[in-house]
Amino acid sequence: MAYETIIVEARGKVGLITLNRPKALNALNSEVLAEVVAAVNGFCANADIGAMVITGSEKAFAAGADIKEMQAISFADAYAQDFFVGWEEFTRARKPVIAAVAGYALGGGCELAMMCDFIIAADNAKFGQPEITLGVMPGMGGSQRLTRFVGKSKAMDMCLTGRMMDAAEAERCGLVSRVVPAGELIDEALKAAAKIADFSLPSVMMAKEAVNRAYETTLAEGLRFERRLFHSLFALDDQKEGMAAFAEKRKPNFANR
Ligand SMILES: CCCCCCCCCCCCC[C@H](O)CC(=O)SCCNC(=O)CCNC(=O)[C@H](O)C(C)(C)COP(=O)(O)OP(=O)(O)OC[C@H]1O[C@@H](n2cnc3c(N)ncnc32)[C@H](O)[C@@H]1OP(=O)(O)O
């Protein structure tokens with residue numbers, strides 16, 4: 001597939017997706033939506049890929065939805081076509097997706113980062129949900145994921161004032177998993193993704209599914225779900241290989257089965 005708005009590369013066992021609309025600070029439009037979803041689906045179907053990284057430029061991961069595209073949209077069109085629902089396909093990716101965020105991650109850009117499995121931020125990253133400044137509100141999970149990730153008070157502050165938070169604040173409140181120097185962001189994200197891709201894919205996919213289920217169900221049900229997944233891994237050769245490798249003091253060779 002030819003991509004116009006993103007760059008798609010395979011780096012060993014890692015799929016790397018780079019948003020590439022530099023003149024619009026990687027603003028997210030319908031083309032970006034279609035291409036990102038296609039690229040992620042392609043890597044999910046590729047047995048040689050175990051994890052993915054999505055990133056932007058040093059100045060902007062993504063400065064939000066494309067305001068110039070959205071400007072003229074009517075309620076009738078937005079409601080009839082259920083705008084942005086397509087991004088839900090992105091969240092159904094079964095292989096891990098790491099967001100490597102430098103610069104601005106605003107509005108839909110922050111929401112896209114939060115749809116990933118975890119965020120590694122550069123020390124120049126700035127997160128925000130400034131939709132209120134445009135006369136609207138977050139429309140792709142900003143009021144839902146942000147509240148679950150950082151708590152009501154900070155999420156309400158961000159959504160109602162439209163202010164940005166820097167990388168340090170984002171790490172303090174748990175929005176991002178780690179902060180690295182901007183020049184090391186891509187290397188660190190690729191290293192993390194490569195490490196994940198070396199593990200047994202069924203266990204990686206189940207661990208992702210279990211963590212995500214924690215936001216969707218009760219503790220009792222989540223513990224039961226986790227326990228059943230754990231039990232099921234003992235049916236796989238990789239569990240035998242992983243534990244034998246430890247006992248024999250050698251690196252495991254997982255076969256993803
Ligand atoms: C749309 C229907 C189709 C359905 C599919 C679409 C899917 C994608 C949508 C998913 C998300 C939807 C829900 C979401 O919650 C809604 C939003 O995200 S609303 C937008 C929120 N973002 C913002 O408000 C940030 C806007 N930008 C800024 O505030 C500033 O640009 C900045 C980031 C603070 C940087 O400021 P500066 O350094 O001064 O740079 P400039 O402002 O000069 O910008 C440079 C250049 O980029 C253009 N640009 C920047 N942001 C956007 C944007 N969000 N949309 C479009 N264009 C943008 C800016 O206009 C400049 O261009 P130029 O004027 O040089 O042509």
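We number each residue from 1, following the sequence as shown. What you are looking at is a predicted structure, and each value in this text was computed from that prediction instead of being measured.
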I'd like to check [X] versus [Y] (side-chain heavy atoms, cut-off strictly below 4.5 Å). Are they in contact?
| X | Y | result |
| --- | --- | --- |
| Met158 | Met164 | no |
| Leu106 | Phe61 | no |
| Asn41 | Phe90 | no |
| Val32 | Glu35 | no |
| Val176 | Val101 | no |
| Leu33 | Val37 | yes |
| Phe254 | Asp237 | no |
| Cys116 | Ile98 | no |

Connected hydrophobic set around [X], excluding itself, where side chains approach under 4.5 Å:
| X | answer |
| --- | --- |
| Phe225 | Met206, Leu229, Leu233, Leu236 |
| Phe234 | Phe230, Met243 |
| Val85 | none |

Could you note down all residue pairs passing side-chain hydrogen bond (donor to acceptor under 3.5 Å, both in side chains) where [range] supplies at least one of them, sequence neighbours left out?
| range | answer |
| --- | --- |
| residues 53-72 | Arg21-Asp66, Ser30-Glu69 |
| residues 181-206 | Lys13-Asp198, Glu188-Lys191, Ser200-Asp238 |
| residues 123-142 | Gln129-Glu131 |

Partners meeting side-chain contact (heavy atoms from CB on, under 4.5 Å) with [X] (sequence neighbours left out):
| X | answer |
| --- | --- |
| Arg250 | Glu241, Ala244, Ala245, Glu248 |
| Ser74 | Ala76, Asp77 |
| Lys95 | Cys44, Ile49, Met52, Leu201 |
| Ile7 | Glu9, Thr18, Asn20 |

* Residue pair Leu28, Val36: steps toward the side chain to side chain contact (heavy atoms under 4.5 Å, CB included) verdict -> CA-CA 10 Å; Leu28 303 169; Val36 166; over 6 Å; no

[X] and [Y]: same hydrophobic cluster, using ILVMFWY side-chain contacts below 4.5 Å?
| X | Y | answer |
| --- | --- | --- |
| Ile73 | Met137 | no |
| Val53 | Met115 | no |
| Phe199 | Ile120 | yes |
| Ile196 | Leu16 | yes |
| Val204 | Leu190 | yes |

Check [X] against [Y] and note the closest heavy-atom contact, atom names and distance.
| X | Y | result |
| --- | --- | --- |
| Gly56 | Asn26 | CA-ND2, 3.6 Å |
| Ala39 | Ile6 | CB-CD1, 3.9 Å |
| Val40 | Ala93 | CG1-CB, 3.6 Å |
| Cys159 | Pro138 | SG-CG, 3.9 Å |
| Pro96 | Gly50 | CD-O, 3.6 Å |
| Ala167 | Val179 | O-CG2, 3.6 Å |

* With sequence neighbours excluded, residues passing ring-ring contact (aromatic ring centres under 6.0 Å, His included) with Phe149 ->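 Here the qualifying residues are Tyr215.
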
* **Set of ring-ring contact (aromatic ring centres under 6.0 Å, His included) partners for Phe246, sequence neighbours left out** =>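 ring-ring contact (aromatic ring centres under 6.0 Å, His included) list for Phe246, sorted by chain: empty.
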
Working to the nearest 0.5 Å, report the span between [atom1] of [X] and [atom2] of [Y].
| X | Y | atom1 | atom2 | result |
| --- | --- | --- | --- | --- |
| Glu31 | Glu4 | CD | CD | 9.0 Å |
| Met114 | Met140 | CE | CE | 8.5 Å |
| Ile119 | Cys110 | CD1 | SG | 6.5 Å |
| Phe43 | Asp48 | CZ | CG | 11.0 Å |
| Cys173 | Asp157 | SG | CG | 10.5 Å |

* To do: I would like to know whether Leu175 and Phe127 meet side chain to side chain contact (heavy atoms under 4.5 Å, CB included); could you show each step before the answer?
  => CA-CA 9 Å; Leu175 178 59; Phe127 299 87; 3.8 Å; yes

* Asked: What class does the angle between the rings of Phe75 and Tyr79 fall in, given that below 30° is parallel, 30 to 60° is tilted and above 60° is perpendicular?
  ->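 Because their plane-to-plane angle is under 30°, the rings of Phe75 and Tyr79 count as parallel.
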
* For Arg228, does the CZ atom sit with more than 12 other heavy atoms under 6.0 Å from it, leaving out its own atoms? ->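 More than 12 within 6.0 Å, yes.
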
* Asked: Got a salt bridge between Arg148 and Glu216, using NZ or NE/NH1/NH2 to carboxylate O under 4.0 Å?
  ->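 Answer for the salt bridge query: no.
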
* Is Arg213 salt-bridged to Glu221, cutoff N-O under 4.0 Å? ->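 Result for this pair is no, no salt bridge flagged.
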
* Flag, side chain of Thr91 to backbone of Glu88, donor-acceptor distance under 3.5 Å ->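 Side chain of Thr91 to backbone of Glu88, a donor-acceptor pair under 3.5 Å: yes, one is there.
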
* Steps toward side chain to side chain contact (heavy atoms under 4.5 Å, CB included) verdict (Leu112, Leu19) -> CA-CA 11 Å; Leu112 176 56; Leu19 300 175; 4.2 Å; yes

* Asked: Step by step, would you call Leu223 with Leu219 a side chain to side chain contact (heavy atoms under 4.5 Å, CB included)?
  -> CA-CA 6 Å; Leu223 290 169; Leu219 177 60; 3.8 Å; yes

